[in-house]
Amino acid sequence: MPELPEVETIKLGLQKYLVGHRIESTIVLNPKSFEGSVKKIVNTKIIKIHRFGKGLIIDFDNKKSLAIHIKMTGQLIFRDEKTKKIVVDKSKVGELPGKHTRVIFHLDKKAILYFNDIRKFGWIRVINSNEVDSLPFFKNLGPEPFKDLTEEKFVLIVSASKIAIKPLIMDQKKIAGVGNIYANDALFLAKINPKRKANSLSLNECRLLYKSILEVMEKSLRFGGSSENTYVNVLGTTGEYQRHTLVYGKKGEKCINCSEEIIRIVIGGRSTFFCPKCQQ
DNA sequence: GACAATGTTACAGT
DNA sequence: CACTGTAACATTGT
């Protein structure tokens with residue numbers, strides 16, 4: 001799932017459904033997916049949810065927290081008596097628990113939180129609430145859209161780098177939250193070739209790209225994120241952004257501006273889609 | 001069988 | 001040391 005809009009959608013869901021619940025037990029089915037002592041969070045109450053970039057933090061009332069990264073295929077699914085009636089997308093979720101369920105949190109009032117993760121890249125770890133900033137992933141996060149990434153900061157970051165603009169905006173240490181889908185679409189919206197060296201962008205191009213990043217992410221948030229692959233929200237239902245992508249995943253299809261064919265190349269090992277005519 | 005998939009990081013090389 | 005590019009992690013689907 002995993003870019004800022006998807007993780008933010010999960011955060012909103014956890015805030016709505018999970019906060020206030022007490023953990024009764026935690027079952028770790030895949031040791032690699034969970035680090036730390038389960039005992040530290042049993043019988044504690046969930047009080048707050050945070051998101052930093054693509055990472056999540058769940059705070060408990062005993063100064064402990066869970067730090068979570070769902071990477072490519074993680075899912076956090078909440079079930080209780082009420083939400084049980086909501087029909088999950090079977091093709092993306094399957095049985096609960098199922099073959100890819102890695103951790104199960106049993107909560108009070110018969111509620112359950114499942115952590116599913118096909119590829120097992122994701123992780124959950126128990127930490128002290130005050131040590132979030134010392135975790136490798138969270139410590140290194142750059143400023144993020146909608147928070148502390150101002151246009152001025154963005155211009156400085158872009159003009160200071162010689163690497164291609166696309167991998168730059170996907171570098172979480174430089175800018176937090178942008179991944180492959182939105183990097184592709186933002187560059188298309190700004191009419192910038194993804195191979196361009198970052199420091200070759202003009203001030204106007206930088207500003208336009210900044211606005212484009214915000215625009216595509218804002219649009220995705222409205223659609224509840226992108227369910228191109230395995231992403232679902234905490235109720236197990238899909239987002240809809242994948243039906244509205246500008247260029248991502250559209251190799252061979254016509255450009256929505258000029259009807260030229262969208263092409264796919266690889267930059268930094270990642271699929272890159274763009275219109276060779278609009279994004280010279 | 002080969003290749004690609006929303007991400008991050010360890011490692012090698014400059 | 002800083003920066004850059006590539007491979008690896010594990011599994012599934014085409």
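Keep in mind that this is a model prediction, so the values were computed, not measured.
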Base, sugar-phosphate or nothing for [X]? Non-hydrogen atoms, less than 4.0 Å.
X      : value
A/G269 : nothing
A/F137 : sugar-phosphate
A/K251 : nothing

Inset, instruction - Tell me whether the OP1 or OP2 atom of B/dG7 has a side-chain N or O from A/K54 closer than 4.0 Å. - result: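 Answer is yes, contact under 4.0 Å.
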
Inset, instruction - Using only side-chain N and O atoms of A/H69, determine if any of them is under 4.0 Å from OP1 or OP2 of B/dG7. - result: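 Negative; the distance criterion is not met.
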
Is a salt bridge present between [X] and [Y], judged by a nitrogen-to-oxygen distance below 4.0 Å?
X      : Y      : value
A/K90  : A/E95  : yes
A/K92  : A/D89  : no
A/E215 : A/K219 : no
A/K109 : A/E81  : no

Inset, instruction - Quote, to the nearest angstrom, the P distance that separates B/dT9 from C/dT12. - result: 24 Å

Legend entry - Separation of the P atoms in C/dA10 and B/dC11, to the nearest angstrom: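 Per the computed distance, 15 Å lies between those P atoms.
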
Legend entry - Name of the residue among A/N184, A/N193, A/V247 meeting side chain to side chain contact (heavy atoms under 4.5 Å, CB included) with A/F274: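 The single option meeting the side chain to side chain contact (heavy atoms under 4.5 Å, CB included) with A/F274 is A/N193.
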
Legend entry - Centroid-centroid under 6.0 Å between A/F273 and A/F188 rings: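 Judged by ring-centre distance (under 6.0 Å), A/F273 and A/F188 do not meet the cut-off.
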
Legend entry - Centroid separation A/F78 to A/H21 less than 6.0 Å: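 Centroid distance A/F78-A/H21: below 6.0 Å, so yes.
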
Whole angstrom is fine here: how far is it from [atom1] in [X] over to [atom2] in [N]?
X      : N     : atom1 : atom2 : result
A/I70  : B/dG7 : CD1   : P     : 10 Å
A/R51  : B/dG7 : CZ    : P     : 14 Å
A/F121 : B/dT9 : CZ    : C1'   : 11 Å
A/E3   : B/dT8 : CD    : C1'   : 13 Å
A/E228 : B/dA4 : CD    : P     : 16 Å

Inset, instruction - Indicate if A/I192 and A/L208 have the same hydrophobic cluster label, given that clusters are the connected sets of ILVMFWY residues with side-chain heavy-atom separations under 4.5 angstrom. - result: no

Inset, instruction - Could you run through DNA chain B and flag its stems, i.e. three or more consecutive Watson-Crick or G-U pairs with both distances under 3.5 Å? - result: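 If one scans DNA chain B for consecutive Watson-Crick or G-U pairs, the stems found are B:2-5 with C:11-14, B:7-14 with C:2-9.
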
Inset, instruction - Extract, from 5' to 3' on DNA chain C, the first and final nucleotides lying under 4.0 angstrom from some heavy atom of chain A. - result: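 Span of nucleotides near chain A: C/dT4 to C/dT12.
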
Legend entry - Enclosure of A/K147 NZ (heavy-atom neighbours >12, cutoff 6.0 Å):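 More than 12 heavy atoms, drawn from other residues, nucleotides or ligands, come within 6.0 Å of this atom.
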
Inset, instruction - Let me know, please, whether A/R119 or A/N140 comes out on the 5' side of the other along DNA chain B by nearest nucleotide. - result: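 Nearest-nucleotide comparison on DNA chain B picks A/R119.
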
